[in-house]
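The sequence lines fix the lettering, A, B, ..., with proteins before strands; numbering per chain opens at 1. The figures here come from the full heavy-atom set of this structure, side chains too, leaving out hydrogens, waters and symmetry mates. None of these values were measured; they are calculated from a predicted model.
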Amino acid sequence: MVEATNFIEQIINEELSSGKVNGTYTRFPPEPNGYLHIGHAKSLCLNFGVKEKYNGKCNLFLDDTNPSKEKEEFEQAIKKDIEWLGFSYDEVTHASDYYEQIYQFAVKEIELGNAFVCDMSPEEISANRGTLTEAGKESPYRNRSIEENLRLFKQMREGKFADGEKCLRAKIDMASPNINMRDPVIYRILRETHYRTGDKWCIYPMYDFAHPICDYLQGVTHSLCTLEFEDHRPLYDWVGITLGFNPKPRQIEFARLNVTNLVMSKRYLKKLVEDGKVDGWDDPRMPTLTGLRNRGVPAEALKDFCNRIGISKANSEVQISYLEACIREYLNANAERAMAVLKPLKVTITNYPDNQTEELDFDINPNEEIKRTRKVTFSKNIFIDSDDFSLAPPPKYFRLKKDGYVRLKNAYIIKCDDIVFDKDGNPVELLCSYVPESKSGSDTSGIKCKGVIQWVEESTCIDTEIRQYGYLLKDEEYPGQDFGERMNENSVKIFNGKVEPYVMENDFDKAYQFLRTGYFKRLKLKDKEILSEIVSLKDNFNK
RNA sequence: AGGGGUGUCGCCAAGCGGUAAGGCACUGGAUUUUGAUUCCAGCAUUCGUAGGUUCAAAUCCUGCCACCCCUGCCA
């Protein structure tokens with residue numbers, strides 16, 4: 001028996017020990033009508049987590065019962081994302097794989113007297129459904145004979161009726177306080193080409209009818225879904241009971257994932273793509289899995305996040321800093337380090353011999369057990385980030401300033417002697433002197449300096465573009481900035497390393513931190529200098 | 001208003017009648033050639049609220065309050 005880490009596993013444990021089930025079979029059931037987002041990752045981790053934990057099975061089930069919204073493109077994208085996350089499913093199934101069987105089950109419901117063909121229009125059905133407090137009215141077609149229902153339903157399939165002219169309804173209870181039980185429609189006529197079955201069908205089962213059947217047919221033991229389906233569970237069970245499913249799959253609901261500041265509704269994301277507000281579903285600003293991937297978020301970090309936030313039934317909103325903590329943790333342990341500067345500022349080390357160079361060893365990742373190193377060439381002419389130099393340093397400024405010392409990472413301590421300005425008064429070059437005996441690893445200079453900055457070497461620079469991305473923000477929280485904007489794009493000189501563009505935080509209330517080329521730099525808000533940096537970033541963001 | 005849910009630290013979240021785990025965030029302090037990392041310490045006398053049962057309640061009972069979901073031939 002494995003130890004349960006959430007209420008669903010607890011339920012599974014109980015069922016396993018009572019003998020109600022003797023194994024688990026779950027399914028990840030997206031509708032192929034859009035790309036997967038971070039919310040789906042939670043469901044993915046849950047369903048595949050159960051599979052791994054109980055040595056069970058898990059299918060990728062594409063819930064394609066509404067051909068007007070679904071596309072092959074989405075199915076392929078979904079598979080690619082799941083692959084990226086590293087999950088392997090036992091089978092790929094579709095609701096459409098079971099259309100014939102679902103149809104036969106509908107016939108069975110009619111034969112059992114549990115369903116009837118209704119001639120009312122969608123408007124009439126809606127008008128007769130009643131309200132939250134009043135019972136609905138029974139359809140005048142509710143008591144048709146089984147024979148007539150059978151004949152009519154067959155004709156529906158044969159295309160004898162127009163879209164919406166008739167539908168098949170479950171005969172349950174128009175007075176039920178649960179509106180889902182008021183004779184719900186279970187089959188509708190819809191002439192729409194399905195991306196898999198083409199024009200073979202002109203009637204399609206509704207989710208509420210198809211889902212329990214597909215679960216049963218696949219041998220699913222636990223049908224995990226989000227909270228909004230709680231009210232549908234009685235209907236889910238009704239289908240299983242009336243059709244005599246044994247064993248009957250059990251639906252269990254859990255709270256969907258909300259992350260502060262992230263827009264997550266598929267409807268909204270789709271609109272962003274269609275309106276061209278973003279470059280596509282894979283735009284790094286999107287909270288889609290493919291967007292996060294493009295942003296540089298490691299799959300392992302995302303899975304770690306999903307596992308750490310847990311599963312419960314309480315509506316909640318997880319702070320994005322939690323996601324970032326997971327990403328940071330993974331990256332810190334695994335990212336290959338390289339140095340980079342975003343805004344190059346030339347530094348000439350005046351007392352360093354003109355033609356001299358030195359090969360310096362850099363750890364590719366200081367945390368790895370078997371250290372790998374990389375050579376970096378130090379010489380008279382290098383570049384640093386202009387953000388690491390200040391003309392008007394605030395108190396406790398550790399980095400480079402006029403007449404101040406700073407350590408060039410893994411190299412020497414330098415002192416800024418002079419500044420060359422352009423005609424606009426901006427510094428374009430720093431004239432510095434180095435302390436020869438301060439070389440990293442053999443420093444005998446006795447100079448203590450707190451600041452350590454990155455640098456890149458001129459002759460081996462390669463130009464690469466690094467982009468910083470903001471998040472898509474919820475418009476209700478940030479009026480007027482509903483889509484966010486791409487933040488500044490800088491040409492950057494990268495030394496000897498691959499760049500994974502990634503900006504971690506836009507939570508301006510907290511701190512601003514980002515990763516450049518696997519190298520962390522964390523700045524605290526209490527530092528006034530940083531505050532202005534954040535403000536300027538925010539300004540960029542607002543443009 | 002009828003039904004279905006949920007309320008434990010700023011944010012997640014364990015707990016299932018025996019006297020409040022953990023993570024994120026935050027705050028101190030130590031190490032540090034990344035203002036990172038690492039380390040050590042601190043961080044709910046209290047579990048939406050008011051009563052009740054009990055030797056004992058976050059856990060059981062009752063009332064109240066707050067929030068979420070439900071009136072698609074969407075999923």
### Query
Is any side-chain N or O of A/Arg129 under 3.5 Å from a base N or O of B/U71, one able to act as donor and the other as acceptor?
no

### Query
Between A/Lys266 and A/Glu31, is the closest basic N to carboxylate O distance under 4.0 Å?
no

Need one value for [X]: base, sugar-phosphate or nothing, where a base atom within 4.0 Å counts as base even if backbone is also close, heavy atoms only.
X: A/Phe229; answer: base
X: A/Glu134; answer: nothing
X: A/His232; answer: base
X: A/Lys69; answer: base
X: A/Pro30; answer: nothing
X: A/Gly441; answer: base
X: A/Asn66; answer: sugar-phosphate
X: A/Met120; answer: base
X: A/Asp63; answer: sugar-phosphate
X: A/Ser176; answer: nothing
X: A/Ser68; answer: nothing

### Message
With syn defined as a glycosidic angle within 90° of 0 and anti as the rest, where does B/G18 land?
### Response
anti

### Message
Regarding A/Asp443 and A/Ser438, do their side chains bring together a donor and an acceptor under 3.5 Å, going by distance alone?
### Response
no

### Task
Indicate whether any N or O donor in one side chain lies under 3.5 Å from an N or O acceptor in the other, for A/Asp208 and A/His232.
yes

Provide the distance between the two [atom1] atoms, one in [N] and one in [M], to the nearest whole Å.
N: B/A13; M: B/G23; atom1: C1'; result: 8 Å
N: B/U33; M: B/G28; atom1: C1'; result: 25 Å
N: B/C65; M: B/U49; atom1: C1'; result: 7 Å
N: B/U46; M: B/U59; atom1: P; result: 15 Å
N: B/G48; M: B/U54; atom1: P; result: 23 Å
N: B/A20; M: B/C9; atom1: C1'; result: 11 Å
N: B/C69; M: B/C39; atom1: P; result: 42 Å
N: B/C73; M: B/A58; atom1: C1'; result: 46 Å

Nearest-angstrom distance from the residue atom [atom1] of [X] to [atom2] of [N]:
X: A/Asp363; N: B/U37; atom1: CG; atom2: C1'; answer: 13 Å
X: A/Arg182; N: B/C73; atom1: CZ; atom2: P; answer: 13 Å
X: A/Glu329; N: B/A25; atom1: CD; atom2: C1'; answer: 14 Å
X: A/Glu253; N: B/A75; atom1: CD; atom2: C1'; answer: 15 Å
X: A/Lys448; N: B/U32; atom1: NZ; atom2: C1'; answer: 11 Å
X: A/Asp231; N: B/C74; atom1: CG; atom2: P; answer: 19 Å
X: A/Leu227; N: B/U6; atom1: CG; atom2: P; answer: 8 Å
X: A/Met206; N: B/A75; atom1: CE; atom2: P; answer: 5 Å

## Note on the structure
Of A/Tyr204, A/Tyr187, A/Phe105, the one forming a ring-ring contact (aromatic ring centres under 6.0 Å, His included) with A/Tyr99 is A/Tyr204

Count the heavy atoms belonging to other residues, nucleotides or ligands that lie under 6.0 Å from [atom1] of [X], then report whether that count exceeds 12.
X: A/Lys137; atom1: NZ; answer: no
X: A/Glu158; atom1: CD; answer: yes
X: A/Arg157; atom1: CZ; answer: yes

### Summary
The residue, A/Pro366 or A/Asp208, whose nearest nucleotide of RNA chain B is more 5′ is A/Pro366

### Message
For A/Lys166 and A/Leu408, find the nucleotide of RNA chain B closest to each by heavy atoms; which residue's nucleotide sits nearer the 5' end?
### Response
A/Leu408

Identify the nucleotide, in any strand shown, that forms a Watson-Crick or G-U wobble pair with [N], with both distances under 3.5 Å; if there is none, say none.
N: B/C67; value: B/G5
N: B/U27; value: B/A41
N: B/U62; value: B/A50
N: B/A13; value: none
N: B/G18; value: B/C55

Using modelled atom types and a 3.5 Å cut-off, is there a donor and acceptor pairing between side-chain atoms of [X] and backbone atoms of [Y]?
X: A/His37; Y: A/Gly39; answer: yes
X: A/Asn365; Y: A/Ala333; answer: yes
X: A/Arg399; Y: A/Asp387; answer: yes

Check whether any side-chain N or O of [X] sits under 4.0 Å from OP1 or OP2 of [N], and answer yes or no.
X: A/Arg191; N: B/C73; value: no
X: A/Arg188; N: B/C74; value: yes
X: A/Gln10; N: B/A14; value: no
X: A/Arg328; N: B/A25; value: yes
X: A/Arg399; N: B/U34; value: no

### Task
Measure from the ring center of A/Phe378 to the ring center of A/Tyr412 and say whether it is less than 6.0 Å.
yes

### Task
Go through the steps for A/Glu317 and A/Asn258 under the test side chain to side chain donor-acceptor pair (under 3.5 Å), then give the verdict.
CA-CA 5 Å; A/Glu317 189 174 55; A/Asn258 294 299; over 6 Å; no

Can you identify which nucleotide, out of [options], has its nearest atom closest to the [X] side chain?
X: A/Glu230; options: B/G72, B/G5, B/G35; result: B/G5
X: A/Ile179; options: B/G3, B/U71, B/A75; result: B/U71
X: A/Lys409; options: B/U34, B/U71, B/C73; result: B/U34

### Task
Could you run through nucleotides 7-13 of chain B and give me one letter per nucleotide, 5' to 3': B if any protein heavy atom sits under 4.0 Å from the base, S if only the sugar-phosphate is that close, - if neither?
---BSSS

